[in-house]
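First up is the structure itself, then whatever we jot down about it.
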Amino acid sequence: MEHNLIRKSFIVIVILAVAILSTALVFGANTAAAEEELDEFDRAFVQTAEELGIAESSVIYSRLPVYDTDGKALGYIFDYSANGGYGYAVAIEDESGVKVTEVCPGAENPFAKAKGLPVYTKEFEYWDKEGGFFTSLTSGEKLLKAEFLQACPIRYGAVGDGLLSGGKTVNYENRQVSSFSLANTPPAYCYEVTPNACAPIAAGNIVAYFDRYCTQLIPDYTPGSGFGSRYNYKSVQGAEIDGVMAQLCMDMGTDEGGNTEEECLNGLSAYCTRAGYGVSYESCMNASGLDYNKAKQSLQTDKKPLLLFVTKLEISKITEEGGRDIYTTRYGQCNHVMSAFGYYEVTYSLSGGSSETGRFLQVASGIETMKTAYLNMDNNLQTVNAYSVNIE
């Protein structure tokens, strides 16, 4: 289908008018060439508009970013006019990629009324985050964040912490794996009430791990069930874990700027001391960065989880599928804290006699969309510090 597309800028419409019109003319004459100028959000909107019959000849549209509850970029809302009509659409990114979640012909953009940050929770739910309050743009209801999170238990979240998405598929003839984990199902909890809480989240997962042995870390709580390395920590995060995270936020002095390394270590120490236990930290670093062999020894021999402070990372979910492994990956610059409970090493024998290897730490990432992941040791990793942690 041949059609014209114009994406306007709210800020520099006059300056870019000639360029925009030129783009539209090129698009009308050569659709494939013009589509190369669009990003994945534009392409998702355009494809949906075509499928719904909106873009029969021309579509003029503009877009503004929308955010999740933590203020992280989630996607865009599109205002469009086409075929004598108008409307809006929303496109967001999740683990499966960019998708259009709704198209509303003949309706006004609800975020036009927003005075603060436009927050999109799910289909047909639009909020205005201003100060410490969330105001519904449909009902006018005004809520504090804790009330808002209870009122919206199911909601979209940005994928990672500003990380890029990617992936690969490894087709192999043979695969050899060496791995170890401190538990069959390690703790992998998150905490969304306080923004930038990766330090208390990482420490909270370590507290949850040691509560199996130091039972007063989380009073009147059973962290899971099983024996030895076959132990399964609870997958459902209850009020007890939320309470641990909240207390660690206070102990660390967590604010919207997050935490320093010192605040994280001192806060975890304060939490353990209050519960009647001591905590010790041993460095897993060498002159070039994270000492992977020392990290493995701390996990497998000493049975101690790790606390990792990084500024760049690549984490993956690995799906096994009969002769191939599928990697779904998040990567990029990110000042972040994670806990690690195991390692995973794989060697692939590929067609033609070549091979490929990978070394990973099994982490509780603290990222809601990929709570349990494999941290790549050999790609996109910059480590500020790393410690093995013991509580007794």
Any heavy-atom pair between the side chains of [Y] and [X] that's under 4.5 Å?
X      : Y      : answer
Leu375 : Phe360 : no
Glu130 : Thr135 : no
Val310 : Cys334 : no
Pro305 : Leu182 : yes
Asn376 : Tyr331 : no
Phe309 : Leu265 : yes
Tyr67  : Tyr120 : no
Val384 : Glu261 : yes

Just by distance, do the side chain of [X] and the backbone of [Y] share a donor-acceptor pair under 3.5 Å?
X      : Y      : result
Tyr61  : Asp42  : no
Asp291 : Cys284 : no
Lys145 : Thr194 : no
Ser316 : Ile318 : no
Tyr271 : Leu217 : yes
Asn171 : Arg324 : no
Glu102 : Phe124 : yes
Asn184 : Asn232 : no
Asn259 : Met252 : yes
Ser365 : Met370 : yes

Which atom pairs, one a donor and one an acceptor, fall under 3.5 Å between side chains of residues 344-354 and the rest of the protein, sequence neighbours left out?
unit_1, atom_1, unit_2, atom_2, d
Glu345, OE2, Tyr292, OH, 2.7
Glu345, OE2, Lys296, NZ, 3.0
Tyr348, OH, Asp325, OD2, 2.6
Tyr348, OH, Tyr327, OH, 2.7

Shortest non-hydrogen contact from [X] toward [Y]:
X      : Y      : result
Asp128 : Gly116 : OD1-N, 2.7 Å
Gly71  : Leu117 : CA-CD2, 3.7 Å
Gln362 : Ser181 : OE1-OG, 2.8 Å

Inter-residue atom distance [X].[atom1] - [Y].[atom2], 0.5 Å rounding:
X      : Y      : atom1 : atom2 : answer
Leu299 : Leu361 : CG    : CG    : 6.5 Å
Thr329 : Asn379 : OG1   : CG    : 9.0 Å
Gln382 : Leu290 : CD    : CG    : 13.0 Å

Stacked cation flag Arg212 on Tyr231, 6.0 angstrom / 45 deg: yes
Begin from the C-alpha positions of Glu356 and Lys168 and carry the test salt bridge (charged side-chain N to carboxylate O under 4.0 Å, His left out) through to its verdict. CA-CA 13 Å; Glu356 180 178 334; Lys168 67 176 182 178; 2.6 Å; yes
If Ile, Leu, Val, Met, Phe, Trp and Tyr residues are connected whenever their side-chain heavy atoms lie under 4.5 Å apart, and connections chain through other members, are Phe78 and Tyr86 in the same group? no
If Ile, Leu, Val, Met, Phe, Trp and Tyr residues are connected whenever their side-chain heavy atoms lie under 4.5 Å apart, and connections chain through other members, are Tyr213 and Leu268 in the same group? yes
For the pair Arg155 and Glu125, find out whether any cationic side-chain nitrogen is under 4.0 Å from an anionic carboxylate oxygen. no
Enclosure of Lys317 NZ (heavy-atom neighbours >12, cutoff 6.0 Å): no
If you count heavy atoms of other groups shown closer than 6.0 angstrom to CZ of Arg274, is the number above 12? yes
Which residue is it: Ile241, Thr254, Ile201? I am looking for the one with a side-chain contact (heavy atoms from CB on, under 4.5 Å) to Tyr191. Ile201
Sole residue of Glu123, Glu93, Lys122 in side-chain hydrogen bond (donor to acceptor under 3.5 Å, both in side chains) with Tyr156: Glu123
